[in-house]
There are 2 protein chains.
Amino acid sequence: MSRDNFVAKSTEGRLSSGHMADDDNQPRRRGLGGEKKPTINDVARLAGVSKKTVSRVINQSPFVKADTREKINAIIAEIGFSPDPQARGLAFRRSFLIGLVYDNPNPQYVVNMQLGMLDAMRGSGYELVVHPCNRGNPTFLTDFRRFIERQKLWGVVLTPSVSEDDRVKIILDEIGCGYIRIASVPVDEPAHIIVSNDRVGGRAAARHLAELGHTTIGFISGPGTFRSSHERRGGFEEELKDRKLKLTDDYIMQGAYTFETGISCGAELLKRTPRPTAIFAANDEMAAGVLHAIRRANLRCPEDVSVIGFDDFQIASSVWPPLTTVRTPTREIGRMAAEKLIGHGGEEGEDHSREAASATSPALVVRDSTGPAPR
Amino acid sequence: MSRDNFVAKSTEGRLSSGHMADDDNQPRRRGLGGEKKPTINDVARLAGVSKKTVSRVINQSPFVKADTREKINAIIAEIGFSPDPQARGLAFRRSFLIGLVYDNPNPQYVVNMQLGMLDAMRGSGYELVVHPCNRGNPTFLTDFRRFIERQKLWGVVLTPSVSEDDRVKIILDEIGCGYIRIASVPVDEPAHIIVSNDRVGGRAAARHLAELGHTTIGFISGPGTFRSSHERRGGFEEELKDRKLKLTDDYIMQGAYTFETGISCGAELLKRTPRPTAIFAANDEMAAGVLHAIRRANLRCPEDVSVIGFDDFQIASSVWPPLTTVRTPTREIGRMAAEKLIGHGGEEGEDHSREAASATSPALVVRDSTGPAPR
DNA sequence: CTGAAAGCGCTTACAG
DNA sequence: CTGAAAGCGCTTACAG
């Protein structure tokens with residue numbers, strides 16, 4: 001019987017890891033080879049203490065005499081001991097893995113978020129496990145719960161729009177897994193959230209266009225499933241209203257945060273009479289699409305139509321003309337989220353209620369796609 | 001003494017996980033809460049067999065009677081048992097984590113690679129741990145070794161350019177960790193590599209330009225530290241040569257795979273006399289930069305100058321005009337790599353020498369940035 | 001084909 | 001401030 005044959009026989013999808021092991025004349029699979037690494041027992045023996053005391057040092061318990069601690073730390077450094085995360089995790093009933101659960105398809109958003117989290121995790125002993133998901137999938141919640149329970153994650157960071165799903169929060173609370181939700185508004189207690197304040201960014205976009213003298217302005221919103229869509233639009237409209245400008249329904253299009261919807265919604269807006277002299281697209285992808293629509297209509301940006309985006313991802317500076325946009329500090333947000341999780345990985349019985357809410361603010365970045373309103 | 005105080009006292013960066021735990025009147029940190037999950041013991045008891053037999057079923061050993069297996073599987077399904085990866089990992093001396101180690105800064109490349117790996121890992125019980133790195137860092141090799149040893153990874157996927165570093169291979173072999181290297185040429189045994197054949201893509205770009213009648217052609221290469229730079233250029237030059245066209249030194253610029261170097265190298269090439277009627281930039285970022293240089297020089301693309309990129313990332317279709325480019329199936333490559341790793345996670349004592357090399361081929365995607373050579 | 005014992009490397013619960 | 005015993009949930013090594 002070949003090795004590969006019975007691997008395929010599995011009936012239990014959840015369990016079929018595709019590997020095998022048994023006794024009785026089978027080829028042995030060994031763990032990582034080489035000389036065996038030192039364990040807590042080696043440290044204890046060398047230091048002449050019990051392993052429990054070494055454990056206390058590892059876990060930074062205050063109940064160790066200073067010189068005992070120093071001696072143990074010296075030995076740890078000398079023999080290059082590093083506690084096994086799996087053994088620790090098994091005893092702790094909790095892994096040293098931090099998850100990133102996302103459904104935002106933008107690669108730059110995802111990578112920036114990962115980099116930010118890793119900034120905070122570097123040297124901490126935690127590792128980052130990525131877990132894209134799809135809320136449209138009927139098994140989404142079941143899969144999510146299985147993932148969290150099975151891996152016994154230390155904590156998880158959720159980004160929009162999955163972060164906006166309260167059913168996910170409920171599962172996390174039930175299981176007792178730490179979590180941080182990234183959102184444009186405070187949808188949870190301060191201890192569980194990082195707020196990106198997209199509304200402020202919407203206002204900044206409106207202010208910029210108003211100051212350039214634009215009065216006939218178009219807007220392309222994101223999909224209704226993202227809270228940020230409403231915030232960006234809300235801020236934009238508020239600021240215009242404060243300045244006695246208004247956005248009429250004809251000049252509002254609903255996009256889907258994609259390049260293609262930017263083209264189609266942009267083309268539509270350019271047909272309005274009077275033609276808008278400025279268009280605010282709720283993200284950079286769509287703003288890049290608007291640039292294409294402008295070109296296809298034989299118009300110029302910014303001479304005929306100003307365009308402003310949101311996010312300041314790389315596409316914003318790669319297109320022509322480079323986009324004026326509103327920058328969201330994604331990497332910074334990722335760092336804050338992981339820090340918060342590591343700081344208190346959802347321990348129960350502690351009081352986080354007084355914890356300050358973590359928040360960031362978007363900021364306007366002016367480039368070449370916006371100019372004075374044509375007369 | 002406050003809880004947060006002594007956390008900061010850590011002297012051992014490697015060990016300071018920032019958490020604490022001890023007995024003696026400290027608040028208890030508990031593992032994931034809720035009702036306790038069923039273990040292998042529960043299954044064994046319910047099935048009236050030993051846990052070892054259940055273990056055999058989990059690991060798909062052939063040495064279990066069919067009806068015993070079925071009975072156990074039924075109980076597993078009924079009570080929703082799922083083996084604990086940490087306990088399994090501890091006993092196996094090996095985790096069920098697969099690492100992605102990369103230093104390519106392109107977000108889309110990174111995300112596509114992750115998605116591809118996850119395609120292969122879905123439902124397998126393995127999880128994906130991401131690990132960006134910087135070969136320029138003096139502690140790079142030490143950090144890398146520590147990461148692999150400490151996490152006892154099942155395997156790791158390496159992408160260019162870190163995949164091209166033989167010192168990394170040596171470490172992996174020493175430790176006995178499974179690995180797959182992504183590279184543009186076969187730099188390792190078939191069992192350890194996925195080849196992207198960039199040379200073929202370079203040839204396709206040259207063929208396309210030659211067929212459009214271009215004879216004065218410029219080239220912008222990537223950085224010498226990427227093997228793909230040489231392959232893309234090599235293929236391009238070979239094909240031109242086969243067609244009796246040649247690339248003179250004046251018409252070759254060295255870029256760094258960045259948008260900015262695309263602008264500067266493009267601007268330089270446009271100053272040549274005669275002016276090139278076509279430019280092949282070795283990736284999309286640089287090709288997008290060339291478009292900017294063309295516009296700044298008051299030239300048109302493709303009427304005056306054709307441009308062709310490489311990768312077919314999203315930027316290629318977002319710029320104006322949409323770029324003709326050479327598509328690399330990154331996600332597919334990621335999937336193949338993870339499959340290969342899961343299929344045989346570096347077990348020793350097995351014969352992988354006859355294993356077929358895994359390879360993919362890039363393909364030309366024609367859009368609007370290339371046209372007939374101007375007369 | 002199956003099982004009892006020992007062990008993976010840590011931490012908890014308890015005692016001093 | 002420190003330690004001996006038991007346990008986390010699995011697999012290995014051995015025996016039958």
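On a predicted model such as this, the values are computed, not experimentally measured, just so you know.
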Report the distance from atom CZ of Arg94(A) to atom P of dT11(C), rounded to the nearest whole Å. 14 Å
Specify the separation, in whole Å, of atom CG of Asp67(B) and atom P of dC1(C). 10 Å
Can you name the salt bridge (Lys or Arg N to Asp or Glu O under 4.0 Å) partners of Asp119(A), sequence neighbours left out? Arg122(A), Arg331(A)
Side-chain donor or acceptor of Ser95(A) paired with backbone N/O of Gln151(A) under 3.5 Å: yes
Would you indicate whether the side-chain heavy atoms of Ile40(A) and Ile58(A) approach each other to under 4.5 Å? yes
For the pair made of NZ in Lys71(B) and P in dC1(C), what is the distance, rounded to whole Å? 17 Å
With nearest nucleotides of DNA chain C determined for Val54(A) and Val49(B) from heavy-atom distances, which residue corresponds to the more 5′ nucleotide? Val49(B)
So, for Val49(B) and Ile72(B), which heavy atoms are closest and what is the spacing to 0.1 Å? CG2-CD1, 3.9 Å
Symbol by symbol from the 5' end, with Watson-Crick or G-U pairs under 3.5 Å, [ ] crossing and | another strand, DNA chain D is |||.||||||||.|||
From CD of Gln60(A) across to C1' of dT11(C) the rounded distance in Å is 15 Å
Arg94(A) and Gln86(B): which non-hydrogen atoms are nearest, and at how many Å? C-NE2, 3.6 Å
Could you tell me whether Asp166(A) and Lys169(A) make a salt bridge, using a distance below 4.0 angstrom between a side-chain N and a carboxylate O? no
For atom CZ of Phe63(B) and atom C1' of dG3(C), their distance in whole Å: 16 Å
Kindly give the heavy-atom pair with the smallest separation between Thr39(B) and Phe81(B), and that separation in Å. C-CE1, 3.5 Å
Verify whether one side chain among Ser61(A) and Asn59(A) offers a donor that lies under 3.5 Å from an acceptor in the other. no
Would you tell me if any nitrogen or oxygen in the side chain of Ser50(A) comes within less than 4.0 Å of OP1 or OP2 on dA4(D)? no
Arg150(B) side chain to Ile148(B) main-chain N or O, any donor-acceptor pair under 3.5 Å? no
Spacing of Arg56(A) atom CZ relative to dT11(C) atom P, expressed in whole Å: 11 Å
May I ask you to evaluate whether Thr53(A) reaches the phosphate of dG3(D), defined as a side-chain N or O under 4.0 Å from OP1 or OP2? yes
Value in whole Å for how far the P atom of dG3(C) lies from CG of Asn59(B): 16 Å
Over how many whole Å does the gap from Arg45(B) atom CZ to dC10(D) atom P extend? 13 Å
Grab the N/O contacts between the protein and nucleotides 5-9 of chain C below 3.5 Å, and write none if there aren't any.
| unit_1 | atom_1 | unit_2 | atom_2 | d |
| --- | --- | --- | --- | --- |
| dG9(C) | N2 | Ala87(A) | O | 3.4 |

